[in-house]
Amino acid sequence: METATTSSAGETVISARGISKQFAGIEVLRDVDLDFRAGEIHALVGENGAGKSTFAKILSGVHRPTRGTLALRGELVEVPNPLTAQRLGITLIHQEPVSFPDLSVAENLVLGRDQGSVLGRVPWAKITRDARESMDQLGINIKVNVPMRGLSIADQQMVEIARALASDSRLIIMDEPTAPLTPIEVETLFKIVRRLRDEGRTIIFISHRLEEVRALCDRITVFRDGNLVHTGDVAAVDDEEIIRLMIGRSLKEYIHKRRTEIGEVALEVKDLCLPGLFSDISFEVRKGEIVGLAGLVGAGRTDVARAIFGITPAHSGTIAVNGKDIGVAEPTEAIALGLAFVPEDRAAAGIFQSLSVEHNITAAVPGRIAPRGFIRHALERALANEAVQKMRIRLASLRQPIGELSGGNQQKSILARWLLTDPSVLIMDEPTRGIDVGVKSEFYDMIGELAESGRAILLISSELPELLALCDRILVMSEGRLTADLSRAEATQENVMREAVPKSGVHSPTVAA
Amino acid sequence: MSGAEDATTRTPPAADAATPRPRWQVILVRPETVTFLFLIVATIGASWLSPFFADVRYILESFTFYFEFAIVALILTMVIISGEIDLSAASMMALSASLFGVAYQAGLGIPGAMAVSLLSGVLMGAFNGFLVINMKLPSIIVTIGTLTLFRGLAQVIAGDKSIGKFPAWFIGIDYRFVFDVPIPVIVFLIVSLILGIFLGTSAIGRQIYQIGTSPIAARHAGIRVNRIKYGLFIAMGLVSSIAGLLAASRLASVRYDLATGGELQMVLIVMLGGTYIFGGRGTILGTFLAAWLLVVIATGMTVANIPINAQLTVLGLLLIVSIIATNAIHVRTQR
Ligand SMILES: Nc1ncnc2c1ncn2[C@@H]1O[C@H](COP(=O)(O)OP(=O)(O)OP(=O)(O)O)[C@@H](O)[C@H]1O
Ligand SMILES: [Mg+2]
């Protein structure tokens with residue numbers, strides 16, 4: 001098999017020449033020439049919609065280029081589909097994990113791999129053993145016989161990575177692999193990636209976090225509007241320069257939000273319990289206040305948010321919005337009370353994949369687009385247009401299916417949907433996941449403005465710097481309990497992490513890593 | 001009768017200059033267009049087989065045999081778009097009609113008996129809804145179960161004999177005309193128009209599509225998924241009982257085996273109309289056209305003297321072909 005050939009470090013493994021891609025007449029990649037070397041970690045950065053994922057998909061046979069050629073170690077190759085890519089030793093870890101939710105972790109790991117003859121017995125014992133082994137290799141503690149459905153997004157991502165490793169690829173493309181991970185998990189991933197590089201493999205690393213690029217990558221390529229604008233050593237450019245290359249202007253450092261008038265209690269949660277997920281959760285968020293909810297993945301932050309919004313209501317405890325006790329049992333009622341919730345799992349709970357961007361954006365405000373029960377298209381179009389402009393969503397047309405937008409632009413559309421509801425309490429679960437630096441700073445400004453206009457904001461994020469910069473207070477959760485309530489003065493990276501780490505010591509070993 | 005997507009194709013795109021797909025292409029690959037073309041071809045073919053067929057009146061009269069199913073198929077379209085299915089409709093027709101017959105015989109009078117029948121439809125629909133929504137069972141299994149259950153109950157209630165002797169004003173709805181058009185055709189036109197407007201332009205219509213596309217995302221967006229699905233199942237029961245009454249009027253009698261096998265025709269109409277079996281896509285216009293297509297094909301086969309069992313084979317093939325075709329179109333346009 002070709003994958004068995006090892007290449008010496010520094011040698012060019014795969015080279016792309018004049019790669020262009022059009023979707024329905026719109027060019028999203030233009031004449032990209034790029035060489036990847038053996039034993040390098042190569043960063044791919046750029047704004048949302050710059051064409052990073054598209055380029056990755058071309059390398060891995062998901063899309064075919066409109067023009068251009070690929071050469072593997074000097075020989076021209078065709079990569080018509082992902083299976084061929086896999087045979088050539090190229091694996092893509094998708095931005096949105098594409099696993100089979102009802103199959104077990106072990107089954108997902110061996111998908112797409114040759115399993116001998118069609119009629120042959122499936123060697124389940126061996127598959128399970130191998131799966132456990134590759135999990136151990138990664139140093140992660142995931143049961144291999146549970147269905148994927150039950151895993152957190154971070155764990156699903158880890159399984160995807162394990163799958164790439166199990167297939168012994170020479171070129172591994174990771175499309176925003178760290179987006180759903182917590183800092184500790186990111187460290188684990190980095191260790192693995194470095195080891196892969198030292199084995200002489202090539203890793204393409206797509207990320208919006210420059211500090212990660214700096215910590216991990218050897219070379220960097222910047223895309224802008226489908227053009228390759230820069231390739232070079234990471235050490236040779238500074239962050240400011242990278243940002244300027246990416247967005248064509250430099251970015252001011254995000255300054256702490258102005259102190260706003262903090263008003264009455266807008267959201268009050270008391271003794272919220274849902275056995276097995278969380279217990280004794282009590283806190284309040286006041287008008288004009290931004291409260292962060294920190295913790296490790298699996299700490300129960302998402303479950304609390306889902307309970308408040310009425311998706312999986314808590315068993316006991318009370319929730320009050322603007323002083324009124326409410327028994328939220330349905331998101332519809334929560335929205336009517338002025339709550340909004342941006343879910344973490346964009347692909348499943350956020351977007352309507354095959355529906356237009358317009359219909360996606362207006363999904364939560366039927367009353368505004370259909371004042372008398374019948375949709376007024378001019379109204380709807382105007383609302384959607386305004387949102388697209390305000391959030392600078394990059395799209396070809398409002399009636400394009402949202403699934404065709406880049407990941408970051410999908411996220412912006414979901415944010416836009418909730419801003420249209422004009423919420424008084426806004427709960428956001430990892431809202432900046434996959435959003436580029438330019439938009440992120442605009443988004444921070446926006447959150448600041450929302451707070452200033454008297455809204456209460458509960459922000460769940462695994463990016464501590466983001467929480468530290470934005471929040472007036474940070475709540476920390478660990479193992480289903482609130483472990484700290486830190487004011488802005490008290491909140492430091494160390495303080496938050498100390499409270500976030502489980503005390504019982506029986507949790508996942510990733511924490512110890 | 002505009003489809004929901006129609007609405008979005010009206011104004012030019014806002015952001016960038018380039019449009020993804022030219023409009024004519026969007027229209028051409030729509031399943032309803034295919035249905036419409038089929039309808040024309042079938043009509044030409046049938047008139048060639050029998051000169052009778054060129055007579056509009058003949059087609060309209062043939063329609064009265066099918067329109068009960070066609071009317072139920074309109075609601076079934078919405079149920080399927082929402083991601084569910086209801087196979088018990090023909091049995092609901094039989095049970096509600098049997099109750100009507102029994103109630104009439106018991107001396108309730110036609111209006112009272114009709115009320116009983118409509119109420120029973122609502123209750124049967126709610127029962128399906130309860131099993132699917134509250135018990136969280138798959139609708140295909142639930143409604144296969146109630147298909148058998150309702151038919152069995154009809155036999156228990158009405159026995160094996162037919163119940164008739166309804167007053168003259170009640171019977172023969174298919175032989176009454178307004179401006180030469182049979183009343184059933186007019187009813188079908190009006191109901192199609194109302195439901196088409198409802199599904200294509202109302203907020204709830206839009207939400208039905210969203211639920212069918214992703215029930216989880218719909219719930220997160222604050223759409224009352226369960227309530228709307230309940231509503232659809234109840235509407236299904238109600239329209240089935242109305243169809244049962246129409247059948248009773250047409251046949252001048254009711255029996256427990258009324259509309260046996262009708263679920264096949266209803267699903268066939270919906271599928272021929274280009275509704276996506278996995279939910280999220282489809283239009284009333286498609287179902288409307290498909291109802292006529294089915295009439296033309298079935299009547300065409302009859303005038304061409306094709307034996308009944310061969311006709312069934314043709315219908316079965318048609319069902320499979322239409323599912324494959326719409327599937328292909330939807331998968332294509334999704335990319
Ligand atoms: N299947 C598709 N059909 C039509 N347009 C598409 C399709 N896939 C991507 N595009 C368009 O191509 C452009 C580049 O998208 P791509 O996903 O490569 O961006 P990206 O750089 O990965 O962005 P992000 O950081 O947000 O993930 C976007 O404008 C997107 O709308
Ligand atoms: Mg991307």
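So that the names make sense, note that chain A is the first sequence line, chain B the second, and so on, each numbered from 1.
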Would the number of heavy atoms belonging to other residues, nucleotides or ligands and lying under 6.0 Å from CD1 of B:I204 be above 12? no
Going by an N to O cut-off under 4.0 Å, is there a salt bridge joining A:E330 and B:R219? yes
Answer with side chain, backbone, both or neither: which region of A:A348 has an atom nearer than 4.5 Å to a non-hydrogen atom of chain B? backbone
Examine whether an atom of A:R372 lies under 4.5 Å from a heavy atom of chain B, and if so say whether it belongs to the side chain, the backbone or both; otherwise answer neither. neither
Over 12 foreign heavy atoms within 6.0 Å of CD, A:Q22: yes
Pick one of side chain, backbone, both or neither for A:A370, based on which atoms fall under 4.5 Å of a heavy atom in chain B. side chain
How far apart are the closest heavy atoms of A:F341 and B:H220, and which atoms are they? CE2-CD2, 4.1 Å
Is it the case that atom CG in B:L147 sees more than 12 heavy atoms from other parts of the structure closer than 6.0 Å? yes
Can you tell me how far the CZ atom of B:R206 sits from the OG1 atom of A:T362, to the nearest 0.5 Å? 5.0 Å
Does a sphere of radius 6.0 Å around CZ in B:F198 hold more than 12 heavy atoms from other residues, nucleotides or ligands, not counting ones at 6.0 Å or beyond? yes
Proximal component of A:R417, with respect to chain B [non-hydrogen, under 4.5 Å]: side chain
Output for pair (A:F352 CZ, B:I211 CD1), nearest 0.5 Å, gives 8.5 Å
Whether B:S202 side chain and A:F374 backbone form a donor-acceptor pair below 3.5 Å: no
When the 4.5 angstrom heavy-atom criterion is applied to A:T421 and chain B, the contacting part is neither
Carefully, step by step, assess A:T332 and B:R227 under the rule side-chain contact (heavy atoms from CB on, under 4.5 Å). CA-CA 11 Å; A:T332 326; B:R227 189 177 289 191; over 6 Å; no
As an exercise, state the distance from OH of B:Y276 to OG of A:S354, rounded to the nearest 0.5 Å. 8.5 Å
Tell me which one of A:N360, A:L355, A:I351 satisfies side chain to side chain contact (heavy atoms under 4.5 Å, CB included) with B:T213. A:L355
Under 6.0 Å from the OH atom of B:Y230, do we count more than 12 heavy atoms belonging to anything else shown? yes
With a 6.0 Å cut-off (strictly less than), is the heavy-atom count around CZ of B:F188, excluding the residue itself, greater than 12? yes
